[in-house]
Amino acid sequence: MRILKLGRLNMKSIKRSARNAAILVAYLLGISAFGFAEADEATVAVAANFAEPAKRLADAFESESRHKVKLVVGSTGKLYSQIVNGAPFDIYLAADEARPQALKDSGLFLESYPRVYAIGRLIAWWPNRDDIGEDGGDELKTGRARRIAIANPKLAPYGQASVTTMERLGLDRELMKGLVLGENVGQVYAFASTGNVDIGFLPYSYMLSPRHSGRGSFWIVPKAFHEPIRQSGGQLARSRENSAATEFQEFLNSPEAASIIEKFGFTVPKG
């Protein structure tokens with residue numbers, strides 16, 4: 001009889017334990033639903049000139065968010081083509097305004113985008129000279145540098161600004177024909193840093209990066225020499241339900257992000 005009594009008590013204990021376990025599971029599922037389960041990843045297509053600022057921004061965002069950011073770096077033109085052809089990007093940070101506007105016209109951006117997130121500056125960089133200073137324009141006009149690299153002007157706005165600058169300086173047409181074209185500014189930097197060219201036209205942000213600064217000499221091209229390099233972008237329509245993309249885009253619009261961007265020599269539009 002005693003064993004039977006213990007059996008009855010065990011059954012009650014088991015039922016109670018099962019009920020408590022069910023409550024615990026429901027509680028844990030609730031935590032998951034409102035915490036870890038919401039963690040997401042945003043894929044950001046970013047123009048090569050903005051790669052390092054974008055990495056700093058992503059690191060800052062991830063340090064205070066449960067979300068992750070994956071950067072895909074390339075020329076503005078190539079990234080645009082990939083988006084048009086269905087590439088799974090959530091945010092597009094271009095180096096111009098024209099291509100984001102074309103995507104907007106095609107209905108590929110969320111309603112409030114694109115918008116200008118940064119205005120860049122162009123420089124000419126002599127990797128093996130340390131005495132250019134403010135006389136870069138005059139030095140270019142001497143024609144002593146016979147190998148000049150620029151980003152492909154058909155793909156990269158900084159390349160187009162480079163061409164406009166050289167035309168403004170009246171550089172020799174034969175020299176202009178011999179330009180070395182990089183697919184993006186990253187390739188231009190590689191050409192110049194390895195000594196394959198005498199000068200590389202690059203974003204000012206490259207010389208403000210700890211990874212690139214301290215070598216050679218550069219000339220900041222006057223703003224009047226080319227059209228403003230207004231870099232536009234934002235969240236794409238396909239990522240409407242992606243919480244990581246939405247929150248990262250909100251971060252990009254914040255004063256904290258503006259401070260990071262300005263440290264790389266960009267101007268951030270106000271308002």
Side-chain angles (χ1 to χ4, degrees), residues 46-53 73-81 94-96 98-99 118-231 264-267:
V46 57
N49 79 289
F50 201 70
E52 187 150 354
V73 178
S75 70
T76 289
K78 282 210 164 183
L79 293 172
Y80 167 81
S81 296
D96 68 2
R99 291 178 179 87
I119 301 172
R121 295 295 301 273
L122 179 70
I123 65 166
W125 179 46
W126 286 256
N128 298 311
R129 295 278 300 273
D130 57 7
D131 58 349
I132 297 301
E134 297 180 358
D135 299 325
D138 292 336
E139 176 63 26
L140 277 165
K141 286 189 284 188
T142 66
R144 284 192 285 262
R146 304 307 299 176
R147 298 171 299 167
I148 299 176
I150 69 170
N152 187 335
K154 294 181 178 179
L155 298 173
Y158 280 83
Q160 182 57 57
S162 303
V163 170
T164 304
T165 295
M166 289 185 285
E167 290 175 344
R168 174 71 178 263
L169 291 170
L171 295 193
D172 181 84
R173 288 185 177 274
E174 290 304 312
L175 177 61
M176 297 278 282
K177 289 179 182 177
L179 292 174
V180 178
L181 299 185
E183 183 177 293
N184 54 53
V185 293
Q187 284 193 356
V188 173
Y189 177 79
F191 292 151
S193 63
T194 54
N196 289 310
V197 298
D198 303 309
I199 299 171
F201 275 90
L202 293 166
Y204 184 28
S205 57
Y206 264 62
M207 292 299 106
L208 296 181
S209 163
R211 294 194 301 124
H212 303 143
S213 63
R215 177 182 171 187
S217 183
F218 63 89
W219 172 60
I220 302 177
V221 175
K223 293 180 181 179
F225 277 32
H226 57 78
E227 291 294 321
I229 305 174
R230 293 169 58 85
Q231 305 196 188
F264 284 88
F266 294 96
T267 300

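As a basis for the values below, the full set of heavy atoms in this structure was taken, side chains included, without hydrogen atoms, waters or symmetry mates. Just so you know, residue 1 is the first one in the sequence shown, and it goes up from there.
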**Request:** Evaluate the criterion side-chain contact (heavy atoms from CB on, under 4.5 Å) for residue pair Ile132 and Phe218; output intermediate values, then yes/no.
**Result:** CA-CA 6 Å; Ile132 297 301; Phe218 63 89; over 6 Å; no

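- Within the 4.5 Å cutoff, the side chain of Pro153 has heavy atoms near those of the Leu181 side chain.
- Of the candidates Asn196, Val188, Val197, Val180 forms a side chain to side chain contact (heavy atoms under 4.5 Å, CB included) with just one, namely Val197.
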Under 3.5 Å, sequence neighbours excluded: what are the donor-acceptor pairs made by side chains of residues 119-127?
from, atom 1, to, atom 2, distance (Å)
Arg121, NH2, Val221, O, 2.9
Trp125, NE1, Arg215, O, 3.0

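- Scanning both residues, Ala48 and Gly186, for their nearest heavy atoms gives CB-N, 4.3 Å.
- Taking 4.5 Å as the limit, every side-chain heavy atom of Val73 sits out of range of all side-chain heavy atoms of Leu79.
- Inter-residue side-chain proximity for Trp219 and Asp135 is flagged as unmet; no heavy-atom pair is nearer than 4.5 Å.
- With values rounded to the nearest 0.5 angstrom, Leu140 atom CG is found 6.0 Å from Leu169 atom CG.
- A side-chain donor-acceptor contact under 3.5 Å links Gln187 to the backbone of Glu183.
- In plain terms, the two heavy atoms of Ala51 and Val46 that are nearest each other are N-CG2, 4.4 Å.
- A donor-acceptor pair is defined here as one N or O able to donate and one able to accept, closer than 3.5 Å; such a pair exists between the side chain of Ser81 and the backbone of Gly77.
- Between Pro210 and Glu52, some side-chain heavy-atom pair lies under the 4.5 Å cut-off.
- Taken from CZ in Arg99 to OG in Ser75, the straight-line distance is 7.5 Å, to the nearest 0.5 Å.
- Donor-acceptor pairing under 3.5 Å is lacking for the side chains of Gln160 and Asp96.
- When all heavy atoms of Leu202 and Met207 are compared, the closest pair comes out as CD1-CE, 4.4 Å.
- Annotation: side chain of Glu139 is in contact with side chain of Arg144 (closest heavy-atom distance under 4.5 Å).
- Heavy-atom minimum distance, Ile229 versus Ala161: CD1-CB, 3.9 Å.
- Residues Leu155 and Pro157 come closest through the heavy atom pair O-CD, 4.0 Å.
- Tested against Asp198 for a side-chain hydrogen bond (donor to acceptor under 3.5 Å, both in side chains), the candidates Arg147, Arg129, Arg146 yield a single pass: Arg147.
- Proximity of Phe225 to Met166: side-chain heavy atoms (C-beta onward) are nowhere separated by under 4.5 Å.
- Taking the ring-ring contact (aromatic ring centres under 6.0 Å, His included) definition, one finds that Phe191 meets it with nothing, sequence neighbours left out.
- Judged purely by atom type and a 3.5 angstrom limit, Thr76 uses its side chain to pair as donor or acceptor with the backbone of Ala95.
- Between Phe266 and Phe50, the ring center distance clears the sub-6.0 Å criterion.
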**Request:** Carefully, step by step, assess Asn184 and Lys78 under the rule side-chain contact (heavy atoms from CB on, under 4.5 Å).
**Result:** CA-CA 10 Å; Asn184 54 53; Lys78 282 210 164 183; over 6 Å; no

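- Ring orientation note: the planes of Tyr189 and Tyr206 are tilted relative to one another, at an angle of 30° to 60°.
- Across all their heavy atoms, Pro53 and Phe264 have their closest contact at CG-CG, 3.6 Å.
- Residues Ile150 and Val163 have side chains in contact (heavy-atom distance under 4.5 Å, counting atoms from C-beta outward).
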